[in-house]
Every structure is written in C-alpha cells, then in structure tokens.
Amino acid sequence: MGNITFTMIKPEAVEAKNTGAILKRIEIAGFRIVAMKKVHLTAERAAKFYEVHNEKPFYNELVEYMSGGPIIAAILEKDDAVASFRELIGATNPADAKEGTIRAEFAESLSKNAVHGSDSDENAHIESSFHFSDDERF
Ligand code: IDP
Ligand code: MG
C-alpha cells in the first residue's frame, strides 16, 4: 500500500468557501499536505485528467464542470493513503455517503460532489505528477 493520494477540492466547493473547512477535516484525519495549489483547469486539461471516463455519458458535463472555476489540487500523505482518503470522503453519490464523510457534509449532488480522491496507488502517482513537479513537493 502506498502512502500518497491526490485530491482536488472541486469548483463548487471552492466557490462556496468550503476550502478551509475541507482542509481542516483532511488534516484532522491525519493527512499531511505534501503539495497544494489553486488552479483553473482549461477544458483541455480537465478532459485529459478525466480521460479514463471519456466513454461515460457524463464525461462532457464533468469536463465542463471541472473547468468551470478554480480548484484546489493537493498531494496528501498518510499510511494507506488511497483507501483511507476514500473512506474520509465517502461514496461518489452524496446520497450514499456515510454520515460524517466530507461528501455527506459538503457535496451538492452526484456530479458536484465537493472533492476528488485517487482510486489506486498507480493513479495517485499519475494524478500527482499531472499537477505537480518534484520540486513543488515538500
Ligand atoms: P469518484 O470521484 O468517486 O472516484 P468516479 O466514478 O471516478 O467517482 O467519477 C468521477 C466524477 O465524475 C465523480 O466524482 C463525479 O463528479 C462525476 N460523476 C460520476 N458519476 C456521475 C454520473 O452518473 N453523473 C454525473 N456525474 C458523475
Ligand atoms: Mg474516480
């Protein structure tokens, strides 16, 4: 098991000024912030990031939404980071997210679900490198 995962606080959560509250939840849960920045993805960059979903019916909507406003991108460190973070954020659909999870508290809908979390160690590394160079990690 790897010790890093990649997250984004999604545009609607940034717009709603939930950045601080979500980062607080993440740090209290024991994650260390290795790298972090605010960035407004172009549609091209968002399309590339979510390329694995390009066959899905919601792909165009997802790309438009994720490039519709700035996000907070971050690399997080903790033992078993990927699984531990998926547990902290809860299910993709906030209607299914357990009480106390970040999505249960902050998500607006299935698509506007407040945060991203990597789904494997391999993707955690790919996604981290998509957003951060080695000299931006501490
Ligand atoms: P995850 O973010 O929990 O890993 P994925 O299945 O990887 O969920 O989907 C990526 C993102 O696409 C979700 O976080 C959500 O924003 C959006 N999404 C997933 N399923 C749907 C859907 O059925 N309709 C609209 N948007 C969706
Ligand atoms: Mg996913």
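Side-chain atoms are counted along with the backbone in the values below, which use heavy atoms only and exclude waters and symmetry mates. Counting starts at 1 for both ligands and their atoms, following the listed order.
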Quick one: does [X] get within less than 4.0 Å of ligand 1, heavy atoms only?
{"X": "K56", "result": "no"}
{"X": "M66", "result": "no"}
{"X": "K112", "result": "no"}
{"X": "R103", "result": "yes"}

For [atom], grab the closest protein heavy atom and report residue, atom and distance to one decimal in Å.
{"atom": "atom 6 (O) of ligand 1", "value": "H53 CE1, 3.9 Å"}
{"atom": "atom 15 (C) of ligand 1", "value": "L110 O, 3.4 Å"}
{"atom": "atom 13 (C) of ligand 1", "value": "N113 ND2, 3.6 Å"}
{"atom": "atom 11 (C) of ligand 1", "value": "L62 CD1, 3.9 Å"}
{"atom": "atom 18 (N) of ligand 1", "value": "F58 CE1, 3.6 Å"}

Sub-3.5 Å donor-acceptor pair from the side chain of R86 to the main-chain atoms of G117, do we have one?
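Confirmed, R86 side chain pairs with G117 backbone.
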Please check: side-chain N/O of D121 versus main-chain N/O of M1, any donor-acceptor pairing under 3.5 Å?
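No, D121 side chain to M1 backbone: no donor-acceptor pair under 3.5 Å.
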Heavy atoms of other groups near E136 CD, more than 12 under 6.0 Å
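Yes, enclosed.
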R103 versus K10, closest heavy-atom pair with distance:
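Looking at all heavy atoms of both residues, the shortest contact is NH2-NZ, 4.4 Å.
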Considering non-hydrogen atoms only, spot the tightest contact between I89 and T101 and give its length.
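Heavy atoms of I89 and T101 come nearest at O-CB, 3.5 Å.
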Polar-atom distance check: K10 versus ligand 1, any N or O pair below 3.5 Å?
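N/O-N/O distance below 3.5 Å exists for this pair.
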Counting only heavy atoms, which portion of M8 has something under 4.0 Å from ligand 1: side chain, backbone, both, or neither?
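Looking at M8 and ligand 1, no heavy atom falls under 4.0 Å.
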side-chain contact (heavy atoms from CB on, under 4.5 Å) with T42: which residues, sequence neighbours excluded?
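T42: side-chain contact (heavy atoms from CB on, under 4.5 Å) contacts with E44, R45.
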Suppose clustering is done on Ile, Leu, Val, Met, Phe, Trp and Tyr with side-chain heavy atoms closer than 4.5 Å. Which residues sit in the same group as M8?
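Joined to M8, directly or through intermediates: I4, F6, V34, V39, L41, F49, Y50, F58, Y59, L62, V63, Y65, M66, I71, I75, F130, F132.
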